[in-house]
Amino acid sequence: QVQLVESGGGLVQPGGSLRLSCTASGSIFSMYGMGWYRQAPGKQRELVAAVSSDGSTNYADSVKGRFTISRDNAKNTAYLQMNSLKPEDTAVYYCNAKVPVTIRSWRDYWGQGTQVTVSS
């Protein structure tokens, strides 16, 4: 079973930066699709950014140009670099791993969540 441990959340002022980290316990991390989701109070969880096993990335329109997702397979870790933070980025951020179980099916695993608060 895959376990995901997140770190790096906290309080930051508008315009500031944070980097979130997600470390996975699996031994085939390079095969996982990795993503970051966020959920603000009273709102649905939404995809923020994702990186596939081949390195391709995609981002929510609201964070393009400000956030960067990356992965270090040697460290079993995915990152979300967040720059130019805005108050509307305030949410609980969750790491997600998409782990293949068959050629055409996957299982989702989730981190515990880390709070990001952007406020002056």
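Since the model is a prediction, treat every value here as computed from it, not as a measurement.
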Pairwise side-chain contact, Leu18 with Leu85, heavy-atom cut-off 4.5 Å (strictly under): yes
Salt bridge (Lys or Arg N to Asp or Glu O under 4.0 Å) pairs, two or more places apart, involving residues 30-57: Arg38-Glu46, Arg38-Asp89
Test item: Phe67 and Leu80 side chains (from C-beta on) under 4.5 Å apart, heavy atoms: yes
Other residues, nucleotides, ligands: >12 heavy atoms within 6.0 Å of Glu88 CD: yes
Flag side-chain contact, heavy atom, 4.5 Å: Glu6 against Leu20: no
side-chain hydrogen bond (donor to acceptor under 3.5 Å, both in side chains) involving Gln3 - partner list, sequence neighbours excluded: none
Qualifying salt bridge (Lys or Arg N to Asp or Glu O under 4.0 Å) pairs, either residue in residues 111-120, two or more places apart: none
Met82 side, atom CE; Ile69 side, atom CD1 - distance, nearest 0.5 Å: 11.5 Å
Taking every non-hydrogen atom, the tightest pair across Ala24 and Val2: CB-CG1, 4.5 Å
Cluster link Val5 to Phe29, ILVMFWY, side chain under 4.5 Å: no
Partner set under side-chain hydrogen bond (donor to acceptor under 3.5 Å, both in side chains) for Thr23, not counting sequence neighbours: Thr77
Heavy-atom side-chain contact between Asn96 and Trp36 under 4.5 Å: no
Spatial distance of atom OH (Tyr79) from atom CG (Asp72) [nearest 0.5 Å]: 5.0 Å
Least distance between heavy atoms, Val92 atom then Gly113 atom: CG1-CA, 3.9 Å
Flag side-chain contact, heavy atom, 4.5 Å: Gln1 against Tyr109: yes
Student check: side-chain heavy atoms of Val99 and Trp106 closer than 4.5 Å: no
Tyr32 six-ring face occupied by Arg71 cation (under 6.0 Å, within 45°): no
4.5 Å side-chain heavy-atom contact, Tyr59 and Arg66: no
Set of side-chain hydrogen bond (donor to acceptor under 3.5 Å, both in side chains) partners for Gln81, sequence neighbours left out: Asn83
Salt bridge (Lys or Arg N to Asp or Glu O under 4.0 Å) partners of residues 100-120, not counting sequence neighbours, each pair once: Lys98-Asp108
Aromatic ring pairing Tyr94/Trp110, orientation class (parallel under 30°, perpendicular over 60°, tilted between): perpendicular
Least distance between heavy atoms, Ala40 atom then Ala91 atom: N-CB, 3.9 Å
Distance in Å, Thr90 OG1 paired with Gln115 CD, rounded so as to fall on 0.5 Å steps: 7.0 Å
Euclidean distance, Ser17 OG relative to Arg19 CZ, rounded to 0.5 Å: 11.5 Å
Minimum side-chain heavy-atom gap Val51-Asn58 below 4.5 Å: no
Between CE on residue Met34 and SG on residue Cys95, distance to nearest 0.5 Å: 3.5 Å
